[in-house]
Amino acid sequence: MLRVVEQAAFSDTGRQRRANEDALLARAPLFAVADGMGGAKAGEIASRTAVDVLGLGVEDGIVRSRLVELVRRANREVHEAQLADTDLTGMGTTTTVAHIGPEMLTIAHVGDSRAYLMRDGSLRQLTDDHSLVEEMRRQGRLTAEEAAHHPQRSIITRALGPDPSVEVDVREFALEAGDVLLLCSDGLTTMLPEAKISDLISRNQRLDTAGRALIAAANAAGGRDNITVVLVRIGGLDDDVVDAVPDEDEQSTAVHPAVVPAFDEAATVAGSQAGATIDEVRARLEEEGGLSTPLAPRAPRTPSAARRRRIKAAILATVVTVVIMLGTGWGATRVTYFVGTSQGYVAIYQGLPYDLPFGLRLYRVVYTSGVPIASLTPAQQDRLLGHEPRTGQDAQDLVKAVERGELQ
Ligand code: MN
């Protein structure tokens with residue numbers, strides 16, 4: 001009996017693209033990456049659509065066929081969306097999705113994103129790229145070396161979206177405790193040789209540090225494309241489950257510890273919102289009028305003494321909240337945003353940047369950019385992380401400037 005004991009997921013715009021058209025899913029037992037393509041926002045919509053469909057999940061039963069059905073459904077949705085809107089014509093996305101079962105790993109795959117399995121220090125590619133260059137290499141018409149540097153290596157021969165139906169590769173692999181699964185977009189594998197990828201995974205004990213190291217290395221090598229990395233460690237029932245959020249002292253020292261409160265980073269799967277365009281987020285911000293964070297815990301029916309104490313504390317916290325809200329003009333504007341970091345990335349929060357006693361929080365992440373806070377200068381970090389209450393528009397403009405590299 002095996003299970004997921006640790007996971008980390010990151011998506012980064014890279015250093016040359018303006019937008020991140022990759023999307024990811026990290027919700028055990030399903031993990032996926034999708035690399036969208038198409039003009040304007042079409043690529044982002046394609047990859048997001050695929051990941052949203054995959055997020056519906058597979059019920060118990062024959063995982064293999066259900067996973068294929070899910071990918072086919074994702075194909076139909078991307079295909080129909082592009083038929084319905086001329087702005088989306090020609091959009092498509094890769095998809096590599098993994099299901100972690102109690103013994104077996106099942107992978108369904110279309111395109112040139114990849115799945116790898118790291119076992120006993122060696123990295124093995126589990127998927128075949130559906131790309132022109134890789135097909136020529138498999139036919140012996142190109143050497144591996146020629147394929148790696150071929151100018152047409154980004155041309156893919158299979159994707160979700162272009163056709164009403166799609167051929168899906170599906171494979172099963174027996175899992176072992178200690179295995180690490182890597183799903184990634186080609187923004188990682190075209191920038192880094194496999195030896196480097198393997199080295200960074202083995203050298204970092206934690207998957208979140210390994211994931212950050214992979215993204216940083218791909219960026220250091222040029223970051224020519226969006227980079228997405230999903231890492232999953234498999235263990236037995238006796239193995240400890242590693243918390244998704246590292247301890248404070250393990251976090252990057254480049255993030256200002258003094259001004260970054262203990263945000264509920266676990267609530268946000270890194271990168272899960274990175275595929276949304278700022279306009280989509282704007283639409284979402286406009287739709288949502290209120291703060292979803294509960295201001296007081298649900299009152300129990302028959303309160304014990306301890307519970308009564310907690311209720312009193314909650315009432316006190318609520319009073320404090322109201323005072324803070326009035327003091328910051330929250331009541332007048334109804335909704336306040338601020339800019340902070342989530343898992344090391346510049347993010348927009350809705351709410352107020354305060355923690356109240358008893359774990360009450362007044363904020364939540366509404367948008368995560370692909371920009372690591374560590375990539376900004378100390379002066380830029382100061383500008384961003386002051387946690388001043390902002391309007392939604394102001395927060396978006398600020399983060400947009402960061403994404404465009406135009407922040408002073
Ligand atoms: Mn790509």
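Order of appearance sets the numbers: ligands from 1, and atoms from 1 within every ligand.
- Within Asp35, the N, O or S atom at minimum distance from the Mn ion (ligand 1) carries the name OD2.
- A donor-acceptor contact closer than 3.5 angstrom is absent between the side chains of Asp35 and Ser185.
- Applying the side chain to side chain donor-acceptor pair (under 3.5 Å) test between Arg114 and each of Thr127, Thr96, Asp186, Asp129 identifies Asp129 as the sole match.
- There is a side-chain donor-acceptor pair under 3.5 Å between Asn20 and Ser11.
- Coordination check, Asp112 versus the Mn ion (ligand 1): failed, since every N/O/S atom of the residue sits at 2.8 Å or beyond.
- Nearest N/O/S atom of Asp225 with respect to the Mn ion (ligand 1) is recorded as OD2.
- Of the residues Leu126, Asp179, Val232, Leu2, the one that meets the side chain to side chain contact (heavy atoms under 4.5 Å, CB included) test with Leu105 is Leu126.
- When distances from the Mn ion (ligand 1) to the N, O or S atoms of Asp186 are compared, OD1 comes out shortest.
- Glu21 lies apart from the Mn ion (ligand 1) in this respect, since none of its N, O or S atoms is found at a distance under 2.8 Å.
- Partner of His130 under the side chain to side chain donor-acceptor pair (under 3.5 Å) criterion, chosen from Asp169, Asp112, Thr157: Asp169.
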